[in-house]
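What you see is a predicted model; the values in this text were computed from it and never measured.
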Amino acid sequence: MAGPVNLNRFRKQKARADKKARADANAVKFGRSKAEKQLDLSRRDKSDRQLDGHKSEE
């Protein structure tokens with residue numbers, strides 16, 4: 001026969017596992033790598049410079 005089981009410890013471990021699973025799912029769904037963020041920033045900067053270059057000074 002098994003020894004006594006601490007139900008509070010079991011409950012907390014299950015809550016941690018559920019929270020980690022939810023966090024992993026959100027990372028896949030919403031997360032972007034640092035390289036993707038840098039690429040987006042550089043594209044935005046290039047677009048802004050190009051737009052500023054086409055402004056007329058009237």
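For Arg43, the CZ atom sits in a loose shell: 12 or fewer heavy atoms of surrounding residues, nucleotides or ligands are nearer than 6.0 Å.
Between the CZ atom of Arg22 and the NZ atom of Lys29 there is a distance of 12.5 Å, given to the nearest 0.5 Å. Atom CG of Asp45 is separated from atom CD of Gln50 by 13.0 Å, given to the nearest 0.5 angstrom. Rounding to the nearest 0.5 angstrom, the gap separating the CZ atom in Arg49 from the NE2 atom in His54 is 13.0 Å.
Between Asp40 and Arg44, at least one side-chain nitrogen of the basic residue sits less than 4.0 Å from a carboxylate oxygen of the acidic one, meeting the salt-bridge criterion. Salt bridge Asp18/Lys14: present, at least one basic N to carboxylate O contact under 4.0 Å. A salt bridge links Asp24 and Lys20; the closest N-O separation between the charged side-chain nitrogens and carboxylate oxygens is under 4.0 Å.
Using a distance-only test at 3.5 Å, with no hydrogens or angles considered, a donor-acceptor pair links the side chain of Glu36 to the main chain of Ser33.
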